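Heads up, the thing below is written out as structure tokens.
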Amino acid sequence: MRKVKIAVLVSGGGTNLQALIDSQKNGVIKNGEIVLVVSNKETAFALERAKKAKVKTRVVTKTGKSREEFESDLIKVLRDDRIELVVLAGFMVILSERFTSTFKDRIINVHPSLIPSFCGEGFYGLKVHEKALEYGVKVTGATVHFVNEIPDGGKIIMQKPVEVLEGDTPEILQERVMKQAEWIILPLATEKVCSDILKGEM
Ligand code: GAR
């Protein structure tokens with residue numbers, strides 16, 4: 001059966017990557033295959049998770065490069081493996097229009113809030129949860145969306161709400177949002193996009 005070739009781009013711990021790997025094993029993701037994991041950080045624990053799952057890894061760092069050079073290197077690595085879908089899973093780099101239009105409608109991202117709240121430039125990782133708690137929202141969540149040139153501005157694919165509880169710290173809230181939302185909707189949205197890509201070929 002033909003499967004969409006997926007690359008997962010990471011920068012850190014890689015719990016979302018793990019959720020994708022597990023979902024491929026248990027059949028939630030069936031129309032796609034993770035063939036490559038790319039990190040912009042050599043020390044990202046996500047790379048260990050990929051190696052353990054026997055997925056090919058590449059490191060592309062930005063150090064000493066212009067944004068254009070960095071993105072060209074990234075595009076080359078993705079083209080070398082004929083990647084058809086790019087999944088950003090905790091990839092802490094904002095991509096330019098040149099990059100996003102190269103993979104138009106073929107890049108998705110998971111963001112730890114209900115977009116359009118707490119998103120855009122400067123809102124990433126734990127900061128998102130700090131801002132949500134600061135504002136005092138009672139409900140937050142996660143969003144999976146297509147990536148275009150506007151940070152967190154592409155079309156929404158899936159969202160899931162998560163309750164904010166009395167006494168939450170940013171760390172506690174982050175963990176709940178991951179468990180109850182991100183690790184569920186990222187694999188589901190990935191499968192949906194893969195299946196839509198294959199349907200488009202029929
Ligand atoms: C996740 O919460 C992800 O949604 C967030 O970073 C974390 C990465 O964790 N991404 C962003 O904030 C992107 N704007 P992980 O490395 O364990 O998957």
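Just so you know, ligand 1 is whichever comes first in the structure, and atom 1 is the first atom listed for that ligand. Position 1 is the first residue of the sequence; numbering continues from there. Bear in mind that the values here come from a model prediction, so they are computed numbers and not experimental data.
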For I29, the option from V4, L20, D22, I21 that meets side-chain contact (heavy atoms from CB on, under 4.5 Å) =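 The residue from V4, L20, D22, I21 that satisfies side-chain contact (heavy atoms from CB on, under 4.5 Å) with I29 turns out to be L20.
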Side chain or backbone, does [X] bring an N or O within less than 3.5 Å of an N or O on ligand 1?
| X | value |
| --- | --- |
| Y124 | no |
| N16 | yes |
| Q174 | no |
| F91 | no |

Between [X] and [Y], is there a side-chain N and carboxylate O pair less than 4.0 Å apart?
| X | Y | answer |
| --- | --- | --- |
| K76 | D73 | no |
| D81 | K56 | yes |
| R176 | E171 | no |
| E201 | R2 | yes |

Run the contact test for [X] against ligand 1 with a 4.0 Å cut-off on heavy atoms, strictly below, and give the result.
| X | value |
| --- | --- |
| V10 | no |
| M92 | yes |
| G14 | yes |

Could you pull out the closest heavy-atom pair between [X] and [Y], with the gap in Å?
| X | Y | result |
| --- | --- | --- |
| I157 | H145 | CD1-C, 3.9 Å |
| G120 | D152 | N-OD2, 2.8 Å |
| D105 | F146 | O-CE2, 3.5 Å |

ask   = So F70 and F91, would you call those rings parallel, tilted or perpendicular, with 30° and 60° as cut-offs?
value =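 The rings of F70 and F91 lie parallel, inter-plane angle below 30°.
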In terms of atom number and element, which parts of ligand 1 are under 4.0 angstrom from non-hydrogen atoms of [X]?
| X | value |
| --- | --- |
| H111 | 14 (N) |
| M178 | 1 (C), 2 (O), 9 (O), 17 (O) |
| F123 | 14 (N) |
| E182 | 1 (C), 2 (O), 3 (C), 4 (O) |

Distance from atom 8 (C) of ligand 1 to nearest protein heavy atom, with residue and atom = G90 CA, 3.6 Å
ask   = Which residue holds the protein heavy atom closest to atom 12 (O) of ligand 1, what is that atom called, and what is the gap in Å?
value =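 Nearest protein contact, heavy atoms only, for atom 12 (O) of ligand 1 is G125 N, 2.7 Å.
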